[in-house]
There are 2 protein chains.
Amino acid sequence: MHETRTVTPAGRRILEAAEELFYGRGIAAVGVDLIAERSGVTKRTLYNQFGSKDALVASYLAERDRRWRSLVRQEVESSPDPVEAVTAPFGALRTWSRTSTRGCAFINALAELPDPSLPAYRVVTEQKRWLLELFTDLATAAGCAGPDTLAVRLLVLHEGALAMQPLPFDALTQSTELARELVRAGLGTREPGPDARRRLAR
Amino acid sequence: MHETRTVTPAGRRILEAAEELFYGRGIAAVGVDLIAERSGVTKRTLYNQFGSKDALVASYLAERDRRWRSLVRQEVESSPDPVEAVTAPFGALRTWSRTSTRGCAFINALAELPDPSLPAYRVVTEQKRWLLELFTDLATAAGCAGPDTLAVRLLVLHEGALAMQPLPFDALTQSTELARELVRAGLGTREPGPDARRRLAR
DNA sequence: CGAGAAGTACACTGATCGGTGAACCATGCC
DNA sequence: GGCATGGTTCACCGATCAGTGTACTTCTCG
C-alpha cells in the first residue's frame, strides 16, 4: 500500500534539482527556468507536476523534512539505551551537517517567506513541533525530570547549533555535550516511562 | 569629532525603509524601486548614496548591528553585578524581540546571500564573533570556570532562542533560565577577572 | 557671485521573473 | 483501435528586476 505513485520520475528529478538550488542559493534567488534546466525537464512539465512555484517550494520542504525525520528515527532506533536516545538527534545533526552546511532549510525558508498563509509555513512549524514532541517523548522514556522543560532546552540547543552552522564556529560539539549533561543531570529522579523509541511511527 | 556627516537625511530615510522591508519581507523579495518609494526618495538618489543594492544591504546589516550592540552594551552596563552581566544579552534579546519577530536578521541574510565574497557576509560573521567575545569577557570577569567553553554554550543558547523566534514556541524563557543556571554553576571555582563591563568600548 | 553638493523628474535599458497556450509525441492499458 | 497519461517543443505574456543618463532645481558656503 506504499503509494510511490504520487510523483513521476520527472517529478523526482525536479524535486532533487529544486532542493539543491533552493537550499544552496535561497528560494527567491532561484527561478523556475533554472530548476527546469537543471533537472533536464521542460518548464511546462514542472508546472504540470507542481502547479506553481509556491507549491514546489512546499514540496521541497516537505521532502527535506521527510528525509530528516527518517535520519533522526534511524539514529534514535540505533541508540544503545533510552538515555543515549534522548540526544540521538544531535548525532543525526552531525551526520546531516556533512552535506548541509548552510543552516536550517526551514528557518532559511521562513526568512524568505514571511506570509504564514503560505503552505510552506505550516511545513516548517510542523517540523519543529515534531522534534519538540520527540524530545519530550524520549526524555520521558529515559526517566528524566521535567521532560517538557528539558525538551524545550534541547530544542533550543539543537536549533542554535543548526543556525550557527554557516558561521566559522564549532557550535555543534559544545551543543551536543551540553545536551548530554542536561539529560544526565535530570536522571534518577523519576520513574522511566515506556521506551519511546517504539513510538516513532509517523 | 563625531562624524555624522557620512549619511545624509535622505540616506537615513532610505536606510530606515530598507531595514523595515528587508527584515520584514526578505532581501531578494524587495526591489530598490519599492525602497525608494517608501522612503520618499528617487531611485537616482538611492544609487547616488549607496551605489548598488548589495552595498545597501551591507549598510542595512551594519546599521542593525550597530543598534543591536548599543542595546546590549546598555543592558550589560546597567547590570547590578558582574554575574548578572554575563546573561545581560538575553535580557537585551527580550527587549529586542518586542519589535523584531522574524528571527535573526543576520542569519536570515545568510540564507539569501550564500556568497561569502559579498560584503554582507563579513558583517554577519563579525556580529557573531563580537557576541562570542563579549560572552567570554563577561564570563571571565564574573569568575566563571572555563569561560571559553561557557561562552560558546551561551552563544548557542542565544542563537537558538533567536532562531525559533518566528515559531509559536516560547524558547527565550527557557534559554535565558538555562543560561543563568550555567553561569551560576560555573562560579566560585576561579578568581574573578577584571570587570569586563568596563571594556565595552567600540 | 559662483561653485559644488544633494536631490528631483523622467525616460530608458536589457534581462529575468512566474506563468500560459497550443500542438505534438510516446507509452501502455482497456 | 481508442484513449488517457506524461512529456516535449516553442512561442508568448505582462510585470518586475537592478541600474543608467540627462537635465533641472535648491541650498549652502566661501
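Just so it is clear: chains get the letters A, B, ... in the order the sequence lines come, proteins before strands, and each one is counted from 1.
Sorted by first then second residue, the side-chain hydrogen bond (donor to acceptor under 3.5 Å, both in side chains) pairs that include residues 22-42 of chain B, not counting sequence neighbours, are B/D33-B/K43. Screening residues 166-181 of chain B for salt bridge (Lys or Arg N to Asp or Glu O under 4.0 Å) gives A/R153-B/E181, B/E177-B/R184 as the qualifying pairs, with residues at least two apart or on separate chains. Sorted pairs that involve residues 82-106 of chain A and meet salt bridge (Lys or Arg N to Asp or Glu O under 4.0 Å), not counting sequence neighbours, are lacking altogether.
Under the side chain to side chain donor-acceptor pair (under 3.5 Å) criterion, A/R13 pairs with no residue at all, not counting sequence neighbours. Applying the side chain to side chain contact (heavy atoms under 4.5 Å, CB included) criterion to B/D54, with sequence neighbours excluded, gives B/S52, B/L118. Residues that satisfy the ring pair (Phe, Tyr, Trp, His ring centres under 6.0 Å) test with B/F106, not counting sequence neighbours, are absent from this structure. Every residue two or more places apart in sequence or in another chain that forms a side chain to side chain contact (heavy atoms under 4.5 Å, CB included) with A/Y121 is listed here: A/L110, A/P116, A/T125. Residues forming a side chain to side chain contact (heavy atoms under 4.5 Å, CB included) with B/V83 (at least two apart in sequence, or on another chain): B/D81, B/A142, B/V183, B/L187.
Taking atom CD on B/Q49 and atom C1' on C/dG7, their separation rounds to 9 Å, with Å as the unit. One can place CZ of A/R13 at 15 Å from P of D/dG6, the figure rounded to the nearest angstrom. Atom CG of B/N48 and atom P of C/dA9 are 14 Å apart (whole Å). Across the protein-nucleic acid pair, A/F50 atom CZ and C/dT20 atom P stand 16 Å apart, rounded to whole Å. Rounded to whole Å, the distance from CG on B/L46 to C1' on C/dA9 is 16 Å. Rounded to an integer number of Å, the gap from A/E37 CD to C/dC17 P is 11 Å.
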Please tabulate, one pair per line, all N/O donor-acceptor pairs under 3.5 Å involving side-chain atoms of residues 154-163 of chain B, not counting sequence neighbours.
| residue | atom | partner | partner atom | Å |
| --- | --- | --- | --- | --- |
| B/E159 | OE1 | B/K128 | NZ | 2.8 |
| B/E159 | OE2 | B/K128 | NZ | 3.3 |

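The residue A/G11 sits apart from the nucleic acid: no heavy atom pair falls under 4.0 Å.
Side chain of A/Q174 to main chain of B/V152: no donor-acceptor pair is present (N/O by atom type, distance under 3.5 Å, no hydrogens or angles).
In this structure, B/E126 does not pair ionically with B/R69, as no charged nitrogen and carboxylate oxygen lie closer than 4.0 Å.
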Return the polar atom pairs (N/O with N/O) between nucleotides 28-30 of chain C and the protein under 3.5 Å, or none.
none

**OP:** Determine, for nucleotides 24-30 of chain D in 5'-to-3' order, which nucleotides have protein heavy atoms under 4.0 Å from the base (write B), from only the sugar-phosphate (write S), or from neither (write -).
**Re:** -------
Original post:
What string of B, S and - do you get for nucleotides 9-23 of chain D 5' to 3' if you count protein non-hydrogen atoms under 4.0 Å?
Top reply: B-------SSBBBB-
